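What follows is a short report on a single structure.
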Amino acid sequence: MSPEGTAFALLHPDVARWVWEQGWTELRSTQTEAFAPILAGEVDVIISAATASGKTEAAYLPICSALTTTGPTSGISVLYVSPLKALINDQFDRLDRLCEHLEIPVHRWHGDVPGTQKAKLLDDPSGMLLITPESLEALFVLRGARIGALLGGLRYVVVDELHSFLGTERGAQLQSLVHRVELAVRRRVPRIALSATLGDMALAAEFLRPGAGKDVRLIVADDDAGQVRLQVRGYRTTPPRLDGASLRAALEAGDEVTSEDTAEGNELAIAGHLFETLRGSDNLIFANTRSEVEIFADLLTRRSEQAKVPNEFFAHHGSLSKDLREDVETRLKDRTRPVNAVCTSTLEMGIDIGDVRSIAQIGAPPSVATTRQRLGRSGRRGDPAVLRCYISEPEISARTSPPDALRAELVQTVAMVNLLLERWYEPPARGELHLSTLVQQLLSLIAQHGGVRPAEAYSALCGNGPFANVSSGRFAGLLRALGAGEVIAQAADGLLLLDVAGEQIVNHYSFYAAFSTPQEWRLVSGGRQLGTLPVSDRQPLRPGSLMIFAGRRWRIVGVDPGPRVVDLVAAPGGRPPRFGGTGALVHDRVRQEMLAVYRDGSVPAYLDATAAELLSEGRRHFACYGLDDRAVIDDGLESYVFPWAGDRVLHTIAAALTAEGLDVSGAGLALAVIGAATVEISALLGDLARRPAPDPVVLAAAVANKTVEKYDDLLPDELRAAGYAARTFDCPGAWEFLRRFVVS
DNA sequence: GACCTGCTGCGGAATG
């Protein structure tokens with residue numbers, strides 16, 4: 001097809017000429033479908049299509065066409081909101097090339113953009129503005145009185161990488177900001193969203209336009225049925241050559257300790273296979289933690305040194321400095337030299353890094369959705385996507401716990417691979433209250449207007465806004481608690497104002513982000529910034545100790561608690577520091593698929609010999625424990641409950657049993673109970689099943705620390721419990737397990 | 001033992 005089709009004819013001649021000049025021989029189906037509704041400027045649109053399928057153009061060609069047709073108007077015409085600064089920089093370059101022909105100014109606004117550029121835009125606002133949610137928040141707080149004029153001529157709001165916002169605090173913030181934009185300009189503005197991995201389109205539509213998701217036009221490309229080649233490789237854990245006392249003795253004797261001495265045998269074997277298989281081409285190696293990224297980047301670098309070949313393996317994660325990360329990203333874009341990035345989810349989305357030969361995954365994937373996103377990084381241009389998973393399981397001894405004996409890590413990987421091949425993936429979390437973000441938005445609203453009436457605030461945020469599931473009673477309780485904490489105060493005329501504590505919170509730049517981050521120390525060597533490290537009390541930094549960071553080995557020479565700076569010099573060995581953090585929740589469907597894998601006798605063709613052995617060991621233990629028809633077992637020391645359900649159900653049952661006085665802790669796919677026999681636990685589970693499912697908020701009362709999100713500590717107790725329950729528990733799911741338990 | 005994302009204005013020094 002030539003681009004003169006009907007859809008093409010809709011574009012303004014200047015935009016059509018640009019398309020022509022690009023030498024495109026045809027338009028994609030998403031593009032032809034998107035033109036008419038976006039040009040009309042009446043409906044909201046979601047475009048869901050694979051990476052590099054032209055979905056950005058599907059949005060921008062009609063938007064630019066609409067702007068060109070009407071000519072320049074005062075103020076900003078298009079607000080493009082992106083979750084990443086790097087993505088804004090990428091898009092800015094692409095859009096600028098299109099828009100300079102059309103005389104549409106393009107601006108970017110995020111934390112790395114100089115203040116002079118921002119000041120210039122405020123003097124003469126026009127065209128398209130590419131911005132992060134946090135910078136948009138800052139505009140509301142710092143220039144609230146000007147927002148209406150700045151955005152008065154707004155035609156479109158574009159949200160990129162929509163999936164990254166669904167079900168998160170940052171997503172609630174985005175919904176609130178977009179809603180507040182419409183309140184400021186006193187009219188509805190069409191919302192255009194882009195994504196490559198949306199599982200549930202109805203859910204995404206309801207997120208984009210709360211209350212009217214069914215009116216959102218959905219444009220979905222079905223052309224990404226690419227082939228996948230995969231292998232799951234199994235490894236048996238063996239202890240490092242030097243550990244504990246022998247390592248301390250070697251260090252005290254001044255012996256040279258290398259990474260090979262402190263790495264586990266399976267880590268050495270995995271690094272060996274990665275080195276042999278991946279060297280010479282471009283690949284992404286995903287690990288589940290920043291610590292593991294450091295271990296493997298270091299082991300692979302040392303292999304390169306020993307083989308006397310140039311190093312092609314580089315670490316990339318969120319705690320590394322911008323310099324180091326951009327260096328790796330530049331190498332990935334450079335097609336002349338092969339490069340392998342060892343990374344966390346930092347390279348999962350965003351910047352275009354070109355073609356990648358294969359994906360390696362060390363440890364069980366955190367979720368099916370992230371695995372899909374990671375896999376999308378490889379196998380473009382008709383090549384199959386390649387995924388290799390490296391799974392380690394411990395040697396079995398008399399002290400091995402049932403989850404380890406069941407080879408849960410391997411079986412979870414098999415389950416997730418099966419679901420990936422079925423093209424299923426986890427839907428985003430729903431039903432959460434995001435009360436911490438409601439506090440933030442309330443304070444921001446007060447700052448924007450210099451004061452706000454309680455009824456207006458409720459209407460803006462909860463009534464018609466994104467926090468619609470917060471009742472007026474709960475909102476009033478929230479206002480009282482914030483008043484008691486001197487966060488807000490009420491003037492004699494009823495106006496809500498910021499109080500002392502509120503002023504302090506809002507007047508610091510850290511206010512603009514909805515999510516919380518720990519205090520961090522800066523790691524520096526010879527004046528060069530290497531990155532940052534959250535330092536816990538459990539792991540104090542001592543001068544003299546060794547560490548691995550940025551894929552290299554260091555010794556700490558100085559610790560300055562004032563500016564929180566750690567000085568490092570190159571050293572021979574060490575282990576990476578602990579970074580802390582919380583993992584992702586495992587979904588119900590994954591645990592159900594795990595149960596199916598245990599019950600099944602077939603061995604998937606994608607397992608290597610060791611992985612196949614580990615799977616049969618897991619199935620043997622599953623049979624030995626009698627788990628096919630028993631949910632409660634014991635190994636002589638502890639008892640275990642297997643609900644074969646996701647982490648929310650596990651958390652709910654754990655809280656219910658804790659409330660009954662049992663000592664319960666999480667043990668991966670099961671719950672471990674100390675000091676109670678299986679008959680006792682079974683009787684208790686049966687007893688709980690006969691009661692009605694409890695109010696989750698009442699159940700949350702038994703949990704000691706419910707402060708998770710940024711402003712949770714400002715909430716009244718009842719609301720903190722409600723937010724925690726909505727985030728953590730699944731009472732209907734838990735009681736479904738309990739009732740099945742009684743019947744069987 | 002467990003991911004990631006983001007942020008302002010000002011003062012002072014160095015440079016063109």
Side-chain angles (χ1 to χ4, degrees), chain A residues 81-88 109-119 122 131-143 160-161 163-174 177 237 264 286-295 316-320 322 325 343-351 361-367 369-371 373-374 392 394 401 403-404 408-409 412 437 440 444 447 505-518 520 532 534 536 538-539 575-586 647 665-668 708-710:
Chain A
V81 189
S82 157
L84 297 173
K85 292 188 285 192
L87 201 55
I88 288 179
W109 186 309
H110 59 62
D112 298 341
V113 173
T116 48
Q117 283 184 29
K118 295 175 178 169
L122 291 173
I131 196 166
T132 58
E134 289 73 18
S135 285
L136 186 53
E137 188 77 68
L139 274 180
F140 272 104
V141 172
L142 299 170
R143 300 169 212 283
D160 205 354
E161 304 284 2
H163 66 273
S164 72
F165 291 110
L166 302 182
T168 68
E169 293 296 323
R170 210 176 178 208
Q173 177 188 26
L174 176 72
L177 289 171
T237 307
E264 293 172 346
F286 287 98
N288 290 339
T289 67
R290 285 167 283 189
S291 275
E292 281 185 319
V293 165
E294 292 294 351
I295 289 172
H316 191 283
H317 61 69
S319 291
L320 293 175
K322 191 167 167 261
R325 279 193 286 167
C343 55
T344 54
S345 44
T346 42
L347 290 180
E348 216 167 78
M349 73 172 176
I351 57 153
Q361 164 70 44
I362 301 174
S367 74
T370 57
T371 312
Q373 188 78 30
R374 291 174 183 187
S392 302
S401 72
D404 282 341
E409 179 116 354
Q412 184 178 321
T437 304
Q440 183 213 29
S444 173
I505 293 169
V506 175
N507 288 339
H508 194 265
Y509 66 85
S510 60
F511 173 69
Y512 309 129
F515 53 87
S516 63
T517 38
E520 290 180 327
T532 58
S536 71
R538 280 188 313 158
Q539 188 204 23
R575 291 289 284 182
R578 285 203 194 113
F579 291 89
T582 52
L585 296 177
V586 176
D647 283 334
S665 56
V708 183
E709 291 301 340
K710 193 171 178 184

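Below, read A as the first sequence line, B as the second, and so on, with proteins coming before strands; counting in each chain starts at 1. All values derive from a computational prediction rather than experimental measurement.
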Roughly, in whole Å, what's the span from CD in A:Q361 to P in B:dA2? 13 Å
Given atom CZ of A:F165 and atom C1' of B:dC4, what is their separation to the nearest angstrom? 12 Å
Nucleotides 9-16 of chain B: which of its N/O atoms have a protein N/O under 3.5 Å away?
| from | atom 1 | to | atom 2 | distance (Å) |
| --- | --- | --- | --- | --- |
| B:dG9 | OP1 | A:R143 | NH2 | 2.6 |

Would you please confirm or rule out a distance under 4.0 Å between OP1 or OP2 of B:dC4 and any side-chain N or O of A:T346? no
Heavy-atom distance under 4.5 Å between the side chains of A:Q361 and A:T371, does that happen here? no
Using whole Å, report how far NE2 of A:H316 lies from C1' of B:dT5. 13 Å
Atom CZ of A:R170 and atom C1' of B:dG6: how far apart are they, to the nearest Å? 6 Å
Taking only N and O in the side chain of A:T132, is any of them less than 4.0 Å away from OP1 or OP2 of B:dG6? no
So what does A:S135 hit on the nucleic acid, given a heavy-atom distance under 4.0 Å: a base, only sugar-phosphate, or nothing? sugar-phosphate
CD of A:E709 versus P of B:dC4: gap in Å, rounded? 16 Å
What is the separation between atom CG on A:D112 and atom P on B:dC7, rounded to the nearest whole Å? 7 Å
Side-chain touch A:S444/A:F511, heavy atoms, less than 4.5 angstrom: yes
Within the pair A:R290 and B:dC3, is there a side-chain N or O less than 4.0 Å away from OP1 or OP2? yes
Looking at every strand, decide which applies to A:P83 at a 4.0 Å heavy-atom threshold: base, sugar-phosphate, or nothing. sugar-phosphate
Would you please test A:D404 and A:E409 for side chain to side chain contact (heavy atoms under 4.5 Å, CB included) and show each step? CA-CA 8 Å; A:D404 282 341; A:E409 179 116 354; over 6 Å; no
A:R170 and its salt bridge (charged side-chain N to carboxylate O under 4.0 Å, His left out) partner, picked from A:E161, A:E137, A:E709, A:E134: A:E134
Round to the nearest Å and state the distance from A:K710 atom NZ to B:dG6 atom P. 14 Å
Given side chain to side chain contact (heavy atoms under 4.5 Å, CB included), test A:E169 with A:K710 step by step and report yes or no. CA-CA 9 Å; A:E169 293 296 323; A:K710 193 171 178 184; over 6 Å; no
Trace of the side chain to side chain contact (heavy atoms under 4.5 Å, CB included) decision for A:L139 with A:W109: CA-CA 10 Å; A:L139 274 180; A:W109 186 309; 3.7 Å; yes
OP1 or OP2 of B:dT5 versus the side-chain N and O atoms of A:R325: is any pair under 4.0 Å? yes
Where along residues 506-513 of chain A does a heavy atom fall under 4.0 Å from DNA chain B? A:Y509, A:S510, A:Y512, A:A513
Identify the heavy atoms of A:V81 and A:T132 that sit nearest to each other, and give their distance. CG1-C, 4.2 Å
Between the base of B:dC3 and the side chain of A:S345, is there a donor-acceptor distance below 3.5 Å? yes
Donor-acceptor pairs under 3.5 angstrom involving side-chain atoms of residues 112-119 of chain A: please list them, not counting sequence neighbours.
| from | atom 1 | to | atom 2 | distance (Å) |
| --- | --- | --- | --- | --- |
| A:D112 | OD1 | A:K85 | NZ | 3.3 |
| A:D112 | OD2 | A:K85 | NZ | 3.4 |
| A:K118 | NZ | A:H110 | O | 3.3 |

Mind checking whether A:R374 and A:P366 have side chains closer than 4.5 Å, heavy atoms only? yes
